[in-house]
Protein chains: 2
Amino acid sequence: MPNNQFKRGELYSVINGMASTAVARRLQKNFRQAGLEITIEQWSVLYHLWKEDCLSQQELCNRTFRDKPSITRLIDNLEKQKLVKRTASKTDRRINLVCLTDAAKELQQLTIDLANQTMNEALVGVLREDIETVKKVFQQVFDNLI
Amino acid sequence: MPNNQFKRGELYSVINGMASTAVARRLQKNFRQAGLEITIEQWSVLYHLWKEDCLSQQELCNRTFRDKPSITRLIDNLEKQKLVKRTASKTDRRINLVCLTDAAKELQQLTIDLANQTMNEALVGVLREDIETVKKVFQQVFDNLI
DNA sequence: GGCATATAGTTAGTTATGCAACTAATTTCA
DNA sequence: TGAAATTAGTTGCATAACTAACTATATGCC
């Protein structure tokens with residue numbers, strides 16, 4: 001097997017999970033140490049709702065890159081924790097608009113601070129221009145596969 | 001999916017693992033189209049066993065970056081599919097050595113070819129030097145967090 | 001209008017992950 | 001040597017993922 005293909009296989013194991021898993025675990029740990037009960041998956045839903053409240057579940061699928069059943073259950077759990085509320089759309093009765101509760105709005109600043117702190121911990125010793133390269137490569141990978 | 005884009009100036013998409021998720025989904029799809037029943041998580045275990053057979057479960061934890069219960073259950077499922085076999089270590093009775101079956105050995109070439117093909121699909125238009133930068137950054141992130 | 005098709009969301013089944021608590025075997029060291 | 005600590009692996013519980021199949025509503029087209 002040609003040597004460069006083997007290298008790409010090695011990159012697969014790098015891209016596929018280890019670094020982002022490490023970041024995600026650290027963020028979850030930082031949430032827990034701050035006394036927050038939410039999962040990072042739930043947080044990623046809240047994150048998009050903080051940017052724009054009352055999105056449909058389908059729109060949350062698109063923005064969080066999850067499928068519909070995943071969003072259904074994430075919203076179920078967020079509703080149990082009284083962080084969001086499903087509201088029927090007035091113009092399309094198929095659609096649930098997912099809206100933040102006041103309790104969720106109070107989590108925004110703290111959790112985003114913790115996320116930024118986590119990224120700072122992760123990126124110690126990494127050059128700013130290299131971060132831009134990573135973003136660029138990830139965008140290209142994403143565009144290639146979607 | 002118009003909103004599945006990384007936003008410039010933020011790395012939350014890295015936390016969400018969007019690029020690695022996209023690669024993993026594509027690899028899973030390519031496995032399925034080739035008639036292979038294994039999951040990418042199972043494949044990642046086999047991958048390390050092809051490099052070195054008969055590793056302990058703990059060693060598989062270290063190499064695949066998973067915790068012990070995850071490996072226990074991945075090995076359970078791989079054993080059900082007759083792709084690996086647990087063997088008691090002769091020198092330490094706490095240890096299970098996980099060894100490949102002949103059926104698993106036959107999967108090596110095809111699945112690694114599919115992984116390389118998937119990486120080639122993912123990396124169209126990506127510069128070789130940028131790949132090296134990604135590897136370097138990921139290694140640094142990993143070292144920072146572990 | 002009415003039927004075919006597409007879209008929004010839910011449910012069920014299997015696999016995987018994280019954490020905590022557990023058993024069993026080994027090592028440490030007083 | 002023997003009790004304490006460590007290590008390897010399993011089990012239980014909760015959350016999350018993907019696929020496929022399902023209901024309900026909306027749209028398109030004749």
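Chain identifiers are assigned alphabetically (A, B, ...) following the order of the sequence lines, protein sequences preceding nucleic acid strands; residue numbering begins at 1 within each chain.
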Review point. So does Asn77(B) get a side-chain nitrogen or oxygen closer than 4.0 Å to the phosphate oxygens (OP1/OP2) of dT14(C)?
Key: no

Review point. So, is Arg94(A) near the phosphate of dT10(C), with a side-chain N or O under 4.0 Å from OP1 or OP2?
Key: no

Check your understanding: dT14(C) C1' sits how many Å from Asp67(A) CG, rounded?
Key -> 14 Å

Review point. Is there a side-chain polar atom (N or O) of Thr39(A) under 4.0 Å from OP1 or OP2 of dA16(D)?
Key: yes

Exercise for review: Take the protein atom CZ of Arg25(B) and the nucleotide atom C1' of dA17(D), then report the distance between them rounded to whole Å.
Suggested key: 9 Å

Point to revise | Within-4.5 Å side-chain heavy-atom neighbours: Glu121(B) and Asn30(B) | key: yes

Exercise for review: Record whether the side chain of Arg73(B) comes under 3.5 Å of the base of dG12(D) through a donor-acceptor pair of N or O atoms.
Suggested key: yes

Check your understanding: Quick one: is the NZ or CZ of Arg25(B) closer than 6.0 Å to the six-membered ring centre of Phe65(A), and within 45° of its axis?
Key -> yes

**Study point:** Ser44(A) versus Arg66(A), side-chain donor and acceptor atoms under 3.5 Å
**Key:** yes

Study note, to complete from the structure: DNA chain C nearest-nucleotide lookup for Glu41(B) and Pro69(A): closer to the 5′ end is Pro69(A)

Review point. Can a side chain N or O of Gln57(A) be found less than 4.0 Å away from OP1 or OP2 on dT10(C)?
Key: yes

Check your understanding: Any side-chain heavy atom of Leu123(A) sitting closer than 4.5 Å to one from Asn144(B)?
Key -> no

Check your understanding: Just checking Ile71(B): base, sugar-phosphate only, or nothing, at a heavy-atom cut-off of under 4.0 Å?
Key -> nothing

Exercise for review: Calculate the interatomic distance between Trp43(A) atom CH2 and dT15(D) atom C1'; express it in whole Å.
Suggested key: 18 Å

Check your understanding: Rounded to the nearest Å, what distance is computed from the CG atom of residue Asn62(A) to the P atom of nucleotide dT7(C)?
Key -> 12 Å

**Study point:** Phosphate contact (dA8(D) OP1 or OP2) by Asn96(B) side-chain N/O below 4.0 Å
**Key:** no

Review point. What's the CZ-P distance between Phe31(A) and dG18(C), to the nearest Å?
Key: 16 Å

Study note, to complete from the structure: Leu74(A) CG to dT17(C) C1', in whole Å, measures 14 Å

Review point. Side-chain N or O of Arg86(B) less than 4.0 angstrom from OP1 or OP2 on dT10(D)?
Key: yes

Exercise for review: Answer yes or no: are there more than 12 heavy-atom neighbours, outside Gln33(A) itself, under 6.0 Å from its atom CD?
Suggested key: yes

Exercise for review: Please report, rounded to the nearest Å, how far the C1' atom of dA16(C) is from the CD atom of Gln42(B).
Suggested key: 10 Å

**Study point:** Separation of atom NZ in Lys68(A) from atom P in dA21(D), rounded to whole Å
**Key:** 14 Å

Check your understanding: Is any side-chain N or O of Arg93(A) under 3.5 Å from a base N or O of dT25(D), one able to act as donor and the other as acceptor?
Key -> no

Check your understanding: For Gln58(B) and dA8(D), is the shortest distance between a side-chain N/O and OP1 or OP2 below 4.0 Å?
Key -> yes

